[in-house]
Structures are given as structure tokens and as C-alpha cells.
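Here is the structure we will look at.
Values below: every heavy atom of this structure, side chains too, minus hydrogens, waters and symmetry copies. Along the sequence shown, residues are numbered consecutively beginning with 1. Keep in mind that this is a model prediction, so the values were computed, not measured.
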Amino acid sequence: MRRLVGVVAWFSAILFFAPVAWMVLTSLHSESDAATNPPSLAAGLTLQGYEEFFGASTGQSPWPPLINSFSASIGSTIIVLLLAIPAAYALSIKKVEKWTDVMFFFLSTKMLPVVAGLLPIYLVAQFTGMLDNISFLVILYTSMNLPIAVWLMRSFLAEVPIAILEAASIDGAGLITTLRRVVAPIAMPGIAATALICFIFSWNELLFARVLTGVVAGTAPVFLTGFVTSQGLFLAKVCAAATVVSLPVLIAGFAAQDKLVQGLSLGAVK
């Protein structure tokens with residue numbers, strides 16, 4: 001039985017990894033080899049797709065969109081954590097009155113289809129002069145990820161032993177000191193998992209970035225859509241661009257995988 005579970009796990013892992021491996025392999029082929037049907041695995045390898053992505057032939061640099069994505073994703077994630085941790089502390093440890101209603105309110109904000117709020121948000125950005133502004137994306141991504149972060153952090157902070165918090169209170173620790181020196185170290189795996197999830201959601205967001213940005217604040221996913229032109233779909237170039245844009249998320253997930261597993265498993269065993 002154990003061997004069967006192992007075989008199923010390996011098969012599932014290979015099945016999920018196969019599209020990523022195929023994308024990377026296609027990015028290393030020339031356009032003519034990538035366009036063959038069926039594609040040739042034995043075709044020669046080249047970095048032409050990556051050279052074109054970095055503007056070797058067009059002169060169009062991908063660095064401004066990548067920097068915009070980093071700024072919006074990291075900035076919104078930091079703000080989300082600064083807001084979500086105290087809110088989750090109040091809802092899990094120092095429970096406010098009718099905290100279940102508060103949790104439902106946070107959840108209800110995710111029930112509206114994203115596209116339904118596109119026009120009002122666009123009008124607000126236009127009225128305030130925030131169109132094509134990276135700061136507006138930071139505010140928008142913060143509001144989008146905050147409900148998820150509060151729900152996640154509440155489940156993590158619920159596992160913090162009350163006795164430790166009472167001891168900190170007896171020693172005279174205030175709220176900020178308790179959160180910074182007591183709660184944060186204990187819940188660090190959960191904080192890392194929440195931060196990674198919020199970062200991924202912000203990095204991958206396309207709809208609002210496509211509509212609300214232009215030349216100045218365009219993000220990496222918006223830059224990626226520019227490779228689909230009226231001339232056709234150049235598979236090698238698109239796969240090279242998709243590989244580069246996916247790398248930050250893959251690197252962040254690999255670097256925090258131990259804390260991610262610990263964080264997502266908190267509360268699973270009582």
C-alpha cells in the first residue's frame with residue numbers, strides 16, 4: 001500500500017511538473033523547431049527566445065515591468081501583513097464581540113466577481129488621477145489580499161498558547177511588544193505562508209493591471225501579453241518570457257518551502 005501511494009505521488013508530481021518542463025524546453029528551441037507538430041525533443045537548443053525577451057532585436061527592455069511587479073507585489077504584501085496580523089490577533093486571541101460576523105464580512109468581500117468591480121475602480125482611479133500609477137496597484141492588491149490574509153492568520157494565531165501571552169502581559173509587555181516579540185516568532189511559519197500566497201496572487205494579477213496601467217506602471221503579466229501579436233504566436237519567445245516571469249514566484253516558493261509546509265499544516269493536528 002505504501003509503495004502504491006508513493007507511485008501515485010510521483011505520478012502526480014510528474015503530471016503537474018510536465019507543462020512547466022515543456023515550457024522551459026520550448027523556450028530553448030528556435031521558432032521553427034517550436035512550431036513543428038509534433039514538437040521535436042531532439043531539436044537544437046538556443047537562447048534566441050531569451051535574447052528577444054530582453055530586447056536584443058526590439059530594444060524593448062522587460063526590466064521596468066518586472067520592477068513594477070516587484071514593487072506592487074512586495075509593497076502590498078508588507079502592508080497586508082501589517083494590517084492582517086493585528087486584525088487576526090483581535091479575532092483569534094483577544095476576540096472582539098460578534099467576531100464571526102466580522103469574519104463573514106471579510107469573506108463576503110471575495111464573493112463579488114472581480115470583473116464586476118472593474119468599472120467603478122477604473123472611475124475612482126480616473127477621478128483621483130491614479131491611472132497608470134503603481135501606488136494605486138499597491139492599494140488595490142492590498143484590499144484584494146487582506147481578507148484572505150486575515151482568514152489565514154486567524155487560524156495560525158489560534159494555535160499560539162494563551163499561557164505565553166498571559167506571561168508576557170504579566171511582565172508588562174504591551175500590544176506591539178507582544179505581537180513583535182511573542183506572537184510573530186511563534187507564528188512565523190504561518191506568516192511566511194500568508195506572505196507567499198499574497199505575493200503570488202499579486203504577482204499573477206492581470207485584469208486590473210491590464211486595464212488600469214499603461215506605459216509607466218505596466219506589470220510583468222501585462223508585458224507578457226504583448227508577445228501575442230497580430231503577426232502570430234511565437235511559441236519560443238512566449239515560453240521564454242513566461243519562464244522568466246515565473247522565476248520569482250518559483251524562487252520564493254523554493255526558498256520558503258519549509259516554512260510554507262509548516263504554516264499550511266498549523267491547526268491540522270489538535
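Residues L25 and V244 share a hydrophobic cluster, clusters being chains of Ile/Leu/Val/Met/Phe/Trp/Tyr side chains in contact below 4.5 Å. By the criterion of side-chain heavy atoms lying less than 4.5 angstrom apart, applied directly or through intervening Ile, Leu, Val, Met, Phe, Trp or Tyr residues, L165 is grouped together with I85 in one hydrophobic cluster. Linking Ile, Leu, Val, Met, Phe, Trp and Tyr whenever their side-chain heavy atoms come within less than 4.5 Å leaves L83 and F136 in two separate clusters. Taken together through direct or relayed side-chain contacts under 4.5 Å among Ile, Leu, Val, Met, Phe, Trp and Tyr, L247 and I67 form parts of separate hydrophobic clusters. The cluster map of Ile, Leu, Val, Met, Phe, Trp and Tyr, joined by side-chain heavy atoms under 4.5 Å apart, puts I134 and I74 in different clusters.
Contact between L196 and A252 at its shortest, heavy atoms only, is CD1-CB, 3.8 Å. The two residues T219 and S69 make their nearest non-hydrogen contact at CB-OG, 3.2 Å. Here the shortest heavy-atom pairing between V124 and T128 reads O-OG1, 2.8 Å. Closest non-hydrogen pair, K110 versus M144, comes out as NZ-O, 2.9 Å. Closest non-hydrogen pair, A242 versus M23, comes out as CB-SD, 3.6 Å. What you find for V138 and S71 is that their closest heavy atoms are CG2-O, 4.1 Å.
Distance check: F106 CZ to D101 CG gives 12.5 Å after rounding to the nearest 0.5 Å. Between the CZ atom in F11 and the CD1 atom in I14 there is a gap of 8.0 Å [rounded to 0.5 Å]. Note that SG of C239 is 8.5 Å distant from OH of Y50, once rounded to the nearest 0.5 Å. With rounding to the nearest 0.5 Å, the separation of CD in Q48 from NZ in K237 is 9.0 Å. Here CG of L47 is found 8.5 Å from OG of S27. Values are rounded to the nearest 0.5 Å. Summarising the geometry, atom OH belonging to Y122 is positioned 13.5 Å from atom CZ belonging to F208; distances are rounded to the nearest 0.5 Å.
In this structure, the side chains of V160 and Y89 stay at 4.5 Å or more apart for every pair of heavy atoms. Looking at heavy atoms from C-beta onward, H29 lies in side-chain contact with L45 at the 4.5 angstrom threshold. Side-chain contact between T213 and N68: absent, with no pair of heavy atoms (C-beta onward) separated by less than 4.5 Å. Between T46 and L28, every side-chain heavy-atom pair lies at or beyond the 4.5 Å cut-off. You'll find the side chain of F156 stays beyond 4.5 Å of the side chain of I191, heavy atoms only. Residues W63 and L66 meet the side-chain proximity criterion, which asks for heavy atoms closer than 4.5 Å.
S73 places no side-chain N or O within donor-acceptor distance of the main-chain N or O of F70, the cut-off being under 3.5 Å. Side chain of W203 to main chain of A220: no donor-acceptor pair is present (N/O by atom type, distance under 3.5 Å, no hydrogens or angles).
Taking the six-membered ring for Trp and the full ring otherwise, F223 and F53 have centroids separated by under 6.0 Å.
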### Query
After noting the C-alpha distance and the side-chain angles of D132 and L212, does the key distance pass the side-chain contact (heavy atoms from CB on, under 4.5 Å) rule?
CA-CA 6 Å; D132 201 14; L212 299 175; over 6 Å; no
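Residues satisfying the side-chain contact (heavy atoms from CB on, under 4.5 Å) test with S135, not counting sequence neighbours, are M130, N133.
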Acceptor/donor pairs from residues 145-153 side chains to any protein atom, 3.5 angstrom cut, sequence neighbours excluded:
residue : atom : partner : partner atom : Å
N145    : ND2  : Y141    : O            : 3.3
N145    : ND2  : C198    : O            : 3.4
N145    : ND2  : S202    : OG           : 2.9
W151    : NE1  : M103    : O            : 3.1

